[in-house]
Structures are given as structure tokens and as C-alpha cells.
**Q** 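Got a structure for you, questions after.
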Amino acid sequence: MRWSHAFIPTLRDDPADAEAVSHRLLVRGGFIRQLAAGSYSILPLGQRVRLKIIEIIRQEMDAIGGQEVVLPTLHPADIWRRSDRYDLMGENLFKLKDRKGVELVLGMTEEEIFAILASELSSYRDLPQIWYQIHTKFRDEPRPKSGLLRVREFTMKDSYTLDVDRPGLDAGFDLHHAAYRRIFARMGLETTDVQASSGAMGGTESVEFIVRSEAGEDWIVTCTGCGYRANVEKAVSALDAVDDGPPGSIERFPTPGLRTIADLAAAHPDVAAPERQIKTLVYFVDGEPTLVLLRGDHELQEQKLLDATGAAAVRPAHPEEIRDLLGADPGSLGAVGVEGIPVIADVALRGRVNMTTGANEDDWHYRGVDVARDIDVGVWADLRSVTSGEPCVDCASPLELWKGIEVGHIFKLGTKFSEAFGAYVQDEDGVNRPIIMGSYGIGVERAMAAIVETSHDDRGIIWPVSVAPFEVVVTVLRADDPATLAAAEDLDRRLRDAGLDVILDDRPERPGVKFADAELVGIPFRITVGPRGLEGGSVELTVRRGMGTEELGVDEVVARLTELVEDGRAAAGG
RNA sequence: CGGGCUGUGGCGCAGUUUGGUCAGCGCACCUGCUUUGGGAGCAGGGGGUCGCCGGUUCGAAUCCGGCCAGCCCGACCA
């Protein structure tokens with residue numbers, strides 16, 4: 001490839017609306033252009049990277065016995081109604097109609113379609129199966145952001161395991177777990193596998209692959225002492241015991257003007273330290289008002305509420321709704337004596353006595369509350385968010401909280417979809433059993449952005465050799481000098497013959513422009529060919545990562561680069 | 001969906017407060033000459049319904065109203 005004929009629209013200035021590093025560099029480097037919010041054109045350079053990522057994924061999927069298919073993205077809405085996800089996915093699901101008025105949806109994952117195909121299987125002898133595809137998914141994200149990190153149309157590798165029993169599912173899950181480790185390592189991503197909530201997709205065991213990055217949107221909890229690691233949506237921690245003193249009787253007391261946990265604690269330190277208060281939140285859980293109880297100094301983790309209730313959606317009640325339900329404003333709310341509204345409480349409140357909580361009358365609270373005696377808790381669940389420094393439940397070491405990008409997710413789905421779509425096989429006893437499914441995803445463009453987030457410097461992107469748009473750039477200084485150009489062209493040809501992915505920068509630009517572009521675009525190795533070096537029969541090799549340089553005789557170049565590139569390809573990140 | 005901000009040649013911006021003299025600057029682009037190991041210089045040149053619609057006015061990028069789009073911060077996911 002000659003740079004002079006390539007469409008590589010690099011920009012000198014940062015795009016004004018790009019905040020995230022990967023967004024900025026991918027736009028500046030001419031890899032992508034935005035069409036609309038969450039909608040990006042992938043330019044030639046971007047496509048080269050994308051294809052290399054896809055190829056790594058494909059190789060590793062094939063290596064665990066995966067069979068590649070391509071399924072439609074346009075689905076009849078009825079299919080999504082049958083799996084119950086038409087409503088469950090809510091606004092995130094793109095919905096449309098055809099000319100006849102038939103309702104359609106654009107696939108956001110494709111468990112349904114795979115389950116329909118799986119219904120053609122009829123014997124346990126046909127199992128296990130691993131099926132996968134790599135193509136477009138649509139999600140009507142409420143807030144696309146950060147370039148390729150969160151978009152509405154993207155490429156996903158989604159795979160599905162089909163098994164007759166739990167051990168089979170476990171095996172398929174483990175195969176994917178190992179394959180994902182190899183896939184991310186090969187593309188130069190350091191990932192942490194963490195326990196996660198499986199969310200609206202249903203299922204049980206669920207593991208996310210997270211790349212540590214400030215640009216990420218997930219909060220991860222890891223133990224500094226043992227191997228415990230989990231998404232905050234799922235993470236748990238130990239708590240120090242709180243001394244409540246002997247149980248007492250419940251008593252109303254006036255609290256004029258005290259609206260927050262902190263205010264109340266400050267005014268009544270004897271009975272209302274935050275850990276002695278019960279925080280009462282009003283939520284609508286699938287439309288049903290529900291009281292959510294937490295210790296005063298704890299925060300609700302909404303995903304845990306979703307998981308505990310099995311609801312599709314939860315939202316905090318509005319102030320007017322709260323007044324209608326409880327007769328008081330936030331600040332004086334409580335669950336004591338409340339009837340007709342279900343109460344779900346965090347397990348940290350279990351067995352607590354002498355607690356303080358709102359009396360559902362503005363400016364009044366109760367003290368001496370015995371949770372077991374005074375509150376009708378319908379469901380106990382872990383609902384609170386873990387915070388940094390709390391002790392690990394396994395080893396009591398302090399927990400760490402950090403931000404990351406979710407690049408992959410694997411989970412054990414179960415039989416929800418196979419039952420909905422009649423995907424049953426007969427086992428060896430002739431009994432019909434629903435196929436047990438696992439579901440596994442990788443976001444291709446998100447992985448690309450994550451690589452940039454974690455591998456760049458102030459000059460630009462530093463691509464790992466394995467996914468670089470080109471492995472080598474041959475930079476010609478004085479492209480107008482026939483002898484220099486001829487030498488560079490000869491080098492370019494020999495490198496390509498050796499199987500390297502090379503671009504020849506033959507543009508009639510000044511050296512500074514070419515160096516800056518090569519570094520911005522992030523090509524791992526640069527060979528600089530100039531008249532000065534050629535006089536002595538040498539060229540210069542610059543390694544993008546670290547910018548180290550060495551002089552090479554023209555005859556040594558092919559061997560040296562072949563060695564470097566092959567090391568890079570194999571080194572899972574180069 | 002709530003909150004904050006922004007829409008002016010391909011990119012980055014000024015101009016809007018105080019309506020006219022305003023369509024401008026840098027980069028990029030085209031032509032010529034010089035230059036050539038870290039984003040060159042000189043000269044000449046092309047390109048913009050100032051997000052859209054409506055209003056006020058003799059006159060609107062600028063004032064008013066409505067709409068649309070994009071970015072960032074909070075609730076969702078690969």
C-alpha cells in the first residue's frame with residue numbers, strides 16, 4: 001500500500017467533541033468518523049484493525065470447536081414476544097414496521113434465533129454444539145458516548161453453547177473463559193475476569209472481562225488480599241458489627257427541619273448515627289411501589305434490586321408519588337406500620353434494634369425501632385453498594401474499587417430460550433430435555449477502543465503488532481529523489497514478500513509531517529529511508545513503543561523486521 | 001429521561017453582549033517557485049444558504065419564538 005494513494009485523513013487538531021482518548025485518537029488518526037450519535041463510519045485504517053481483531057476472535061472460537069454462522073439482524077417482533085424480551089428490553093430494542101405493517105425489531109443479541117435453530121436438534125448425541133457469529137447488533141442506547149466505547153450499532157461476536165446437562169454447560173463455559181483470555185491477550189488487552197450480574201439476559205453464573213481504564217463505565221471491586229473480584233453490581237463485602245445496645249421500646253420524637261441522614265445524625269448523635277438509621281427509599285419495581293430499606297450510611301445498588309426482585313425495570317418514585325403513598329416527604333420516611341406496600345430490606349438491617357427511621361409524618365421520626373418487631377419485611381436481600389476499603393468477605397483484606405471497560409461477557413443462560421422455542425433433545429433415557437444454553441459476547445469495536453485507551457502516548461496510538469493496521473511503515477524522506485524512492489520501493493517489496501504488512505509513505509511531504517502521522521496512526525515499526533543513510537548503505541528502524549531507534553544495513557532490514565514482527569504477533573501484545 | 005454546554009468552509013476557532021462597515025483567522029486543499037532527518041517559506045487561488053423553520057426590522061451569524069442535532073454529567077450494556 002502506498003500512503004499517497006490511501007484514504008488516511010489524519011487531523012492536526014483534536015476534534016472538539018471528543019473527550020475520551022480513544023475517541024480523540026481514532027478520529028484524529030483517520031480510523032473513524034462520526035455519522036450521528038453512537039453511529040460511526042469505519043475508515044480503511046479502522047477496518048484493517050477491526051478485521052485483525054475479528055480474525056483473532058475467529059481463530060480462537062474455531063479452536064474451541066465453534067462453528068460460524070450468520071443470522072439475520074432483522075427479526076419479526078413476534079419472536080421477541082415469545083421470549084418475553086420484547087417488553088423486557090424496553091426502549092433499548094430498536095422497533096420498526098415493514099410496508100405491510102408487520103412489526104420488526106433489530107437484534108441486540110440473538111438468543112432467540114439461535115434457539116430456533118437449535119430446535120432442529122433432537123438427540124443428546126447432537127450435543128454439545130458451539131455456534132457463533134460476528135456481525136452487527138443494534139441497541140438504542142439512552143446515551144451513546146466516548147466514541148466507539150458506547151454506540152448504537154456495533155459488531156459483536158456472540159456465541160452460544162448448547163448442552164444436554166449442567167456439566168456440559170460448565171464445560172462450554174470454561175472453554176469460552178479460556179478462549180476469551182487468549183483472545184484478549186492476543187490483541188494486547190489486559191483483562192480482569194470478574195463476577196457479574198447477568199442482568200436482563202437471565203441466567204446464572206456470569207463473568208465479565210474488564211479492561212482497567214478511567215474511560216470505562218463499570219466499577220469493579222477487587223480484593224487486595226485474595227482473588228475475589230466482582231462488578232459492583234454483584235460485589236459483596238463484610239461489615240463491622242454495630243453495637244445497638246439492649247433492645248428498647250419504639251418512640252416517636254420530633255425532628256423539625258431534619259431532612260437528611262447527616263442532619264439527623266448531627267442533631268441526635270445518641271440515637272441516630274448513620275449506621276443506626278434505616279434509610280427508606282421508595283421505588284417502583286415493574287410499576288409496583290416498593291419500600292427499599294438500607295442502613296443509613298449505605299447506598300442502594302439498583303442492579304441488586306433488579307436481581308433480587310427479578311424485575312425488568314426499577315425507578316425511584318417521584319416526590320409527589322412518595323407523598324401520595326406515605327403521606328410525608330423524603331426525609332421523614334419509614335416502613336414502620338406501613339401496610340399494603342411491599343418492603344425489601346438489605347441484609348445489613350437484619351436483627352438490628354434501637355434503630356432510628358422516619359415516621360411518615362414530616363418532621364417526626366421513630367427511635368428504638370426493632371427491625372424484626374416493628375417492620376414487616378417481605379424480602380431480605382443484599383442491596384447495598386460496596387465501597388472502597390471495606391473488608392473482603394473471604395479474607396477480610398480491604399477491597400479496592402476501580403473503573404473499567406467491559407469488553408466481554410460470558411454467562412450460563414439455562415433453558416429460558418430453549419423452552420420458549422421448543423429446543424428439546426431426548427437424553428439417553430428417551431426423556432425430552434430442554435437444551436441448556438450458554439451465551440457469550442465480545443464487542444469488537446469496543447475492544448478496539450479499549451486497546452487505544454490502554455496503549456497510547458502523547459504522540460498517538462501504539463498498536464500491538466497483532467492488530468496494527470500495518471506492521472511496518474517505510475517512510476521515504478525525499479520521495480522526489482528517484483534513487484531514494486527506488487530504494488524504498490525495493491525495501492517495501494521485499495518486506496511484503498517476506499509476509500509483512502507494509503505501507504510505503506511515499507507522499508511528497510516534509511519529514512516531520514510523515515513522522516508525526518506514522519506515530520499518530522500507531523504503526524509499530526518504522527523504517528526511515530533517506531539519501532543520507534543510503535549513502536552509507538543504511539536505514540533507520542524506529543520502534544513505536546518506546547521510540548527506540550537503530551541503524552540497519554539495507555541488507556539486514558528484512559531479517560530484522562521479520563524477527564520483530566513475528567515476535568510481536570506471537571507475544572500477545574508486542 | 002433530568003441537568004450543563006455547543007452548532008459559523010474538511011478540521012480547530014473568532015465574530016453574537018452593542019443588528020449595517022462581516023462573512024473572518026489558523027490548519028488542510030489547488031497552482032508556481034524555493035525548501036527537504038521532526039508538523040517549511042513566499043506569491044497567487046478555490047471553497048461557507050453562519051444547524052433548520054418562522055418572526056421583528058429598511059437591514060439578522062447577531063434580537064425573539066419554535067424545532068433539530070451533537071458533546072459532557074447522572075440511571076442502562078459488548
Side-chain angles (χ1 to χ4, degrees), chain A residues 9-20 23 27-28 30 33-39 57 89-93 108-109 134 136-159 180 184 196-201 208-211 216-218 231 233 283 300-303 305-306 312-316 318 405-411 439-450 459 475-481 484 508-520 526 528-534 539-540 542 547 549:
Chain A
T10 57
L11 302 174
R12 194 152 175 175
D13 297 313
D14 277 335
D17 55 5
E19 194 101 338
H23 187 194
V27 172
R28 265 194 69 194
R33 286 295 184 263
Q34 182 177 42
L35 181 64
S39 196
I57 295 173
M89 290 309 184
E91 306 260 72
N92 268 28
L93 189 60
M108 55 193 299
T109 77
I134 302 173
T136 308
K137 297 284 181 285
F138 291 91
R139 295 185 182 179
D140 195 356
E141 290 287 340
R143 183 151 105 77
K145 56 175 290 201
S146 305
L148 294 184
L149 282 176
R150 184 176 202 70
V151 295
R152 299 196 296 175
E153 175 179 351
F154 62 99
T155 311
M156 181 196 264
K157 185 289 295 177
D158 49 323
S159 51
Y180 273 38
F184 294 124
S197 160
S198 39
M201 301 293 183
E208 290 172 342
F209 288 78
I210 307 287
V211 175
E217 303 181 85
D218 283 87
N231 192 303
E233 292 177 352
Y283 264 76
L300 174 66
Q301 175 61 49
E302 283 193 3
Q303 186 64 47
L305 180 60
L306 280 165
V314 301
R315 67 164 177 90
H318 303 132
I405 301 165
E406 179 190 349
V407 289
H409 193 173
I410 58 178
F411 62 96
S439 172
Y440 316 86
I442 293 176
V444 172
E445 292 86 4
R446 181 181 281 183
M448 177 155 120
R459 297 168 191 264
T475 302
V476 193
L477 308 179
R478 301 299 307 264
D480 59 333
D481 174 54
T484 310
E509 294 288 346
R510 294 171 65 86
V513 173
K514 297 182 167 197
F515 294 153
D517 273 347
E519 286 148 16
L520 172 62
R526 184 179 85 211
T528 308
V529 180
R532 213 164 67 191
L534 285 177
V539 297
E540 191 178 79
T542 304
M547 295 300 290
T549 63

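By convention in this document, chain letters (A, B, ...) are assigned in the order of the sequence lines, proteins followed by strands, and residues within each chain are numbered from 1. Since the model is a prediction, treat every value here as computed from it, not as a measurement.
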**Q** Looking at the side chain of A:Pro511, which of B:rG70, B:rG37, B:rC77 is the nearest nucleotide?
**A** B:rG37
**Q** Using both distances under 3.5 Å as the test, list the Watson-Crick or G-U wobble partner of B:rG54, or none.
**A** B:rC64
**Q** Scan A:Thr528 against the nucleic acid and name what it touches under 4.0 Å (heavy atoms): base, sugar-phosphate only, or nothing.
**A** base
**Q** One pair to check against salt bridge (charged side-chain N to carboxylate O under 4.0 Å, His left out): A:Glu217 and A:Lys145. What are the steps and the verdict?
**A** CA-CA 10 Å; A:Glu217 303 181 85; A:Lys145 56 175 290 201; 3.8 Å; yes
**Q** If I take atom CD in residue A:Glu509 and atom C1' in nucleotide B:rU35, what distance separates them, rounded to the nearest angstrom?
**A** 13 Å
**Q** When you check the side-chain N and O atoms of A:Glu445 and A:Thr155, is any donor under 3.5 Å from an acceptor?
**A** yes
**Q** Can you tell me the Watson-Crick or wobble partner of B:rU18, both distances under 3.5 angstrom?
**A** none
**Q** Regarding B:rG38, can its base be found pairing with the side chain of A:Glu519 as donor and acceptor, where the two atoms are less than 3.5 Å apart?
**A** yes
**Q** Consider the side chain of A:Ala16, meaning its heavy atoms from C-beta on, and name the nucleotide among B:rA78, B:rC13, B:rG38 that approaches it most closely.
**A** B:rC13
**Q** Report the nucleotide, chosen from B:rU35, B:rC71, B:rC77, that has the shortest atom-to-atom distance to any side-chain atom of A:Arg510.
**A** B:rU35
**Q** Flag as yes if A:Phe154 stacks onto the base of B:rA78 (centroids under 5.5 Å, planes under 30°), otherwise no.
**A** yes
**Q** The side chain of A:Leu477 lies closest to which of these nucleotides: B:rG37, B:rA78, B:rC77?
**A** B:rG37
**Q** Looking at B:rC27, which nucleotide sits across from it as a Watson-Crick or G-U wobble partner, both distances under 3.5 angstrom, or is there none?
**A** B:rG10
**Q** Please give, in whole Å, the distance from B:rG26 P to A:Leu11 CG?
**A** 19 Å
**Q** Taking the side chain as every heavy atom from C-beta outward, state whether A:Phe154 and A:Thr136 have any pair of such atoms under 4.5 Å apart.
**A** no
**Q** Report the distance from atom CG of A:Asp140 to atom P of B:rC77, rounded to the nearest whole Å.
**A** 14 Å
**Q** May I ask you to verify if any side-chain N or O of A:Lys145 is less than 4.0 angstrom from the OP1 or OP2 atom of B:rC73?
**A** yes
**Q** Quick check: any donor-acceptor pair below 3.5 Å linking the side-chain of A:Arg446 to the base of B:rC77?
**A** yes
**Q** Measure the distance from CD on A:Gln34 to P on B:rC72 and round it to the nearest whole Å.
**A** 9 Å
**Q** Between B:rU36, B:rC77, B:rG12, spot the one nearest the side chain of A:Glu217, thanks.
**A** B:rC77
**Q** Looking only at the side chain of A:Pro142 (C-beta and beyond, no hydrogens), which of the listed nucleotides B:rA75, B:rG38, B:rC72 gets closest?
**A** B:rA75
**Q** How long is the line joining CZ of A:Arg143 and P of B:rC1, in whole Å?
**A** 15 Å
**Q** State, yes or no, whether a side-chain contact exists between A:Val151 and A:Glu141 at a heavy-atom distance under 4.5 Å.
**A** no
**Q** Report the base-pairing partner of B:rG46 (Watson-Crick or G-U wobble, both distances below 3.5 angstrom), or none.
**A** none
**Q** Kindly say whether, by distance alone, the side chain of A:Asn92 makes a donor-acceptor pair under 3.5 Å with the base of B:rC77?
**A** no
**Q** Figure out the CD/C1' separation between A:Gln301 and B:rC77, and round it to whole Å.
**A** 14 Å
**Q** Would you mind telling me which of B:rC11, B:rC73, B:rU36 lies closest to the side-chain atoms of A:Asp13?
**A** B:rC11
**Q** Please give, in whole Å, the distance from B:rC77 C1' to A:Phe138 CZ?
**A** 16 Å
**Q** Between B:rC72, B:rG12, B:rA78, which nucleotide gets closest to the side-chain atoms of A:Pro15?
**A** B:rG12
**Q** When rounded to the nearest 0.5 angstrom, what distance separates CZ in A:Phe515 from CZ in A:Arg510?
**A** 11.5 Å
**Q** Starting at CE of A:Met448 and ending at P of B:rA78, how long is that distance when rounded to a whole Å?
**A** 20 Å
**Q** Using the rule given for side chain to side chain contact (heavy atoms under 4.5 Å, CB included), can you reason through A:Arg28 versus A:Leu520, listing the C-alpha separation, both sets of side-chain angles and the distance that settles it, and then say yes or no?
**A** CA-CA 8 Å; A:Arg28 265 194 69 194; A:Leu520 172 62; 4.1 Å; yes
**Q** Counting side-chain heavy atoms from CB outward, which of B:rG70, B:rU36, B:rA40 is closest to A:Ala37?
**A** B:rG70
**Q** Paired with B:rG74 by Watson-Crick or G-U wobble geometry, both distances under 3.5 Å: which nucleotide is it?
**A** B:rC1
**Q** Looking only at side-chain atoms of A:Glu540, point me to the closest of B:rC72, B:rG37, B:rG12.
**A** B:rG37
**Q** Counting distance alone, no hydrogens or angles: does the base of B:rG2 have a donor or acceptor under 3.5 Å from a partner atom on the side chain of A:Arg315?
**A** no
**Q** Indicate yes or no: at least one non-hydrogen side-chain atom of A:Val27 is less than 4.5 angstrom from one of A:Leu11.
**A** yes
